[in-house]
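In what follows, a single structure is set out as structure tokens and then discussed.
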Amino acid sequence: MKTVSEYFGSLVFDDRVMKANLSADVYRSLKKTIDEGKQLDLSVANAVATAMKDWAIEHGATHYTHWFQPLTGITAEKHDSFISPSPDGRVIMEFSGKELIKGEPDASSFPSGGLRATFEARGYTAWDPTSYAFIKGKTLCIPTAFCSYGGEALDKKTPLLRSMEALNRQAIRILRLFGNKDVKYVRTSVGPEQEYFLITKEMYEKRKDLIYTGRTLFGAKSPKGQEMDDHYFGVIKPRVAAYMEELNDELWKLGILAKTEHNEVAPAQHELAPIYTTTNIATDHNQLTMEIMRKVAAKHGLVCLLHEKPFAGVNGSGKHNNWSISTNTGANLLSPGETPYENAQFLLFLCAVIKAVDDYQDLLRISVATAGNDHRLGANEAPPAVISIFLGDELTAVLDAIVNDTPYSGAEKKQMKLGVDVLPKFTVDTTDRNRTSPFAFTGNKFEFRMLGSSNSIACANIMLNAAVAESLKVYADRLEKAADFETALHEMIKNTIKDHQRIIFNGNGYDDEWIKEATEKRGLLNYRTTPDCMPHLLDKKNVDMLTSHNVFSEAELKSRCEIMLENYCNTVKIEADTMIDMAKKEILPAVVEYTAEVANAAASKKAVVADVACGYETELISRLSVVTDQIAGRTAELEEALAKLKTISETQEQSEFIRDVVLSGMNSLRAAADEAETLTAEKYWPFPTYGDLLFSVK
Ligand code: ADP
Ligand code: MG
């Protein structure tokens, strides 16, 4: 049997394979493109394409695809085979540099928010050489960007790469100011922790809501939920362990650094964390991970639920985006250094993040906004919709000392006034973890915890990179002009902390008192829902910032805003339609049937003993009748609301109607149906209950 280190990355056209299969010249040119973004010429592309094809065929591939991430949030692929006819009537296997670099999928059905209509009918895909090609099944997958002919991004990778470039540009300016001449590029890294639920396929197939929407739209609380905290980090059940083992194998073959796995808080909930890597690769890997999680589950008779809130009353699933900035020389810029001078640089980068998060709270909230995630944010399990930063006591004390010009009472008691060399040497405590903060500093990285489990991590990282690039730009503009660098630096750090102190909060983010303080005293934003936050994507300050760093054009922003709102509306509409269907065709018939059974039982009793009381039956029948009427009435109301929705043409207005009317209609229908479930005999209930679902995997 092969060991993990033997088969790790065996399906990836990675650096090792490139070195072995490309001539020294071609390898060097390609490396320059990967590391420094140098243009690739066609002869090099041809050589790479041939090597890639030969390697892929050796590994059983017959097809290739430009693998991309349209705005649907999932990945897309269109397979072409390598075959090409030869004069003797047979075929040869061909793949050219041109085919590697550019593809033209007929992509007219992907959402473009009006972009393609305005510019060009078709889009094209362009190879991203910074993310390795890999083999999935019999197909060589080439990670690509997806754009319109006018150059507008129609995907999530393009703006992500642009945001990384923006941050690189500004960070290099800062490093040069600190006298660093060696660093060639700066990149952000991400380690996304992925939460998910596993249930049996058998249970899943009996629930239309899970099939159509990925979450349960009905379901009374089961007698046991997560209250005992006995699942979190508990012993992994054999069936789940077998699943995780195969999942790891599949991920490792694709070079994905799956590292830790454990049970999460809710029953049937688990987590997988990879080792962090460069952001665009981490994004590709996370998309692949989600896909493979589902695929492997199917092989084990299981279904992997990636929805943010598959079950009411138990925790939903998120994705923690662990983010840091580092140089090509391996220095983590969010890590305090050995000397006060290094620490000054660290503090400046730290301040850049603090300023970015405060100035662009709205963009961060928008980057995680979906109908599914709205159920989590603001509930008692995920971070609130209000964004704040946790820094921990140590770092907060350092910052306080800087603002107040008072001695820092840490390891070295020094006055922190004027000039870099009096900034203290300190180390940051990495053990102090605040699990309730939406944006926590954890020693040498920030952990952004508001992402939904099914979200592509691209969106959050685009906004984060862009906002931090903007802070660094403001700093670099000022410092490059400063007469005395050290004084200017000290003042700037001090002013940033002063101006943005409101965003720092080390307390309990789940506390209602905090939400009050955050919004009323500190003036922080609290956008609870997608329709609340999404229009702010087009606020002038946001458009100005994102366009000035070339992360998005204004047209791209408008189209994205439209697409995200449409997605929100469609998601909820499908949910509402599913509820109506289940209520009419499954729930009402079941309750009516059970009521008739109870009535028959009472009648038979009375036939034997004429004046028997039948108190229980009578009481039950009247309660069942009340909820039956409620279910029927609320279903009709929901149908009416959906009919009204059809008459609204503006997407923003539609989304607000959904938020205010449709969702509350769904909640009240659910309440009645869930009560009916508690009154109805188990054998009459038409689909598996919460207890069945949450404890189905043995
Ligand atoms: P937790 O206690 O939150 O599970 P871990 O230390 O296990 O924290 O790390 C969680 C994730 O953070 C992992 O994916 C890990 O690879 C990632 N991570 C660790 N260091 C960094 C870093 N410098 N930059 C980005 N991600 C990192
Ligand atoms: Mg974490």
Side-chain angles (χ1 to χ4, degrees), residues 8 160 163-164 167-168 171 185-196 231-234 236 244 247-248 251-252 254-265 269-290 293 315 317-337 342 345-346 349-350 352-353 356-357 381-383 389-392 395 427-451 453 455-458 460-462 464-465 468 509:
F8 183 86
L160 179 64
S163 74
M164 289 171 71
L167 191 119
N168 172 50
Y185 56 84
V186 167
R187 277 186 190 155
T188 56
S189 304
V190 169
E193 300 165 53
Q194 177 74 49
E195 292 181 335
Y196 61 98
H231 190 256
Y232 191 50
F233 281 63
I236 299 174
M244 287 175 168
L247 176 61
N248 281 338
L251 295 175
W252 289 337
L254 287 167
I256 297 172
L257 296 153
K259 173 80 174 165
T260 52
E261 56 212 7
H262 59 79
N263 288 348
E264 260 300 332
V265 174
Q269 193 182 30
H270 313 279
E271 182 185 291
L272 173 94
I275 297 171
Y276 67 99
T277 179
T278 312
T279 305
N280 72 315
I281 295 171
T283 305
D284 287 354
H285 281 181
N286 184 248
Q287 293 295 122
L288 265 176
T289 299
M290 291 193 285
M293 280 176 144
N315 279 5
S317 298
K319 193 138 55 187
H320 291 176
N321 190 81
N322 294 274
W323 178 92
S324 64
I325 320 175
S326 53
T327 65
N328 66 305
T329 51
N332 180 351
L333 299 173
L334 292 179
S335 196
E342 285 168 353
Q345 183 182 299
F346 159 72
F349 278 95
L350 182 80
V353 179
V357 174
E381 51 171 73
I389 301 181
F390 167 86
L391 288 179
L395 209 47
T427 47
V428 184
D429 178 15
T430 54
T431 53
D432 188 6
R433 297 293 180 85
N434 176 326
R435 295 275 162 195
T436 64
S437 173
F439 203 96
F441 185 69
T442 47
N444 60 1
K445 63 185 192 288
F446 278 97
E447 186 167 335
F448 184 27
R449 300 190 176 128
M450 288 171 82
L451 288 76
S453 48
N455 262 191
S456 159
I457 62 169
N461 287 294
I462 292 168
L464 193 51
N465 292 340
V468 174

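Counting starts at 1 for both ligands and their atoms, following the listed order. Given the structure is predicted, the values throughout are model-derived calculations rather than measurements.
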Close N or O approach ([X], ligand 1; < 3.5 Å):
X      : answer
Ser324 : yes
Ser189 : no
Tyr276 : yes
Pro274 : yes

His320 near ligand 1, heavy-atom distance under 4.0 Å? no

Is it true that Thr260 lies under 4.0 Å from ligand 1, counting heavy atoms only? no

Are the side chain of [X] and the backbone N or O of [Y] linked by a donor-acceptor pair below 3.5 Å?
X      : Y      : answer
Ser335 : Asn332 : no
Thr442 : Phe446 : no
Ser324 : Lys445 : no
Arg187 : Met164 : no

Do [X] and [Y] have a side chain donor and acceptor closer than 3.5 Å?
X      : Y      : value
Asn248 : Glu261 : yes
Gln269 : Ser317 : yes
His320 : Glu447 : yes

Which of the ligand 1 atoms, numbered from 1, are nearer than 4.0 Å to a heavy atom of [X]:
X      : value
Ile275 : 16 (O)
Gly191 : 14 (O), 26 (N)
Asn332 : 23 (N)

If we set the cut-off at 4.0 Å for heavy atoms, which region of Leu334 has an atom near ligand 1: side chain, backbone, both, or neither? neither

Heavy atom under 4.0 Å from ligand 1: found in Lys259's side chain, backbone, both, or neither? neither

Result for side-chain hydrogen bond (donor to acceptor under 3.5 Å, both in side chains) between Asn461 and one of Asn280, Thr283, Asn321 points to Asn321

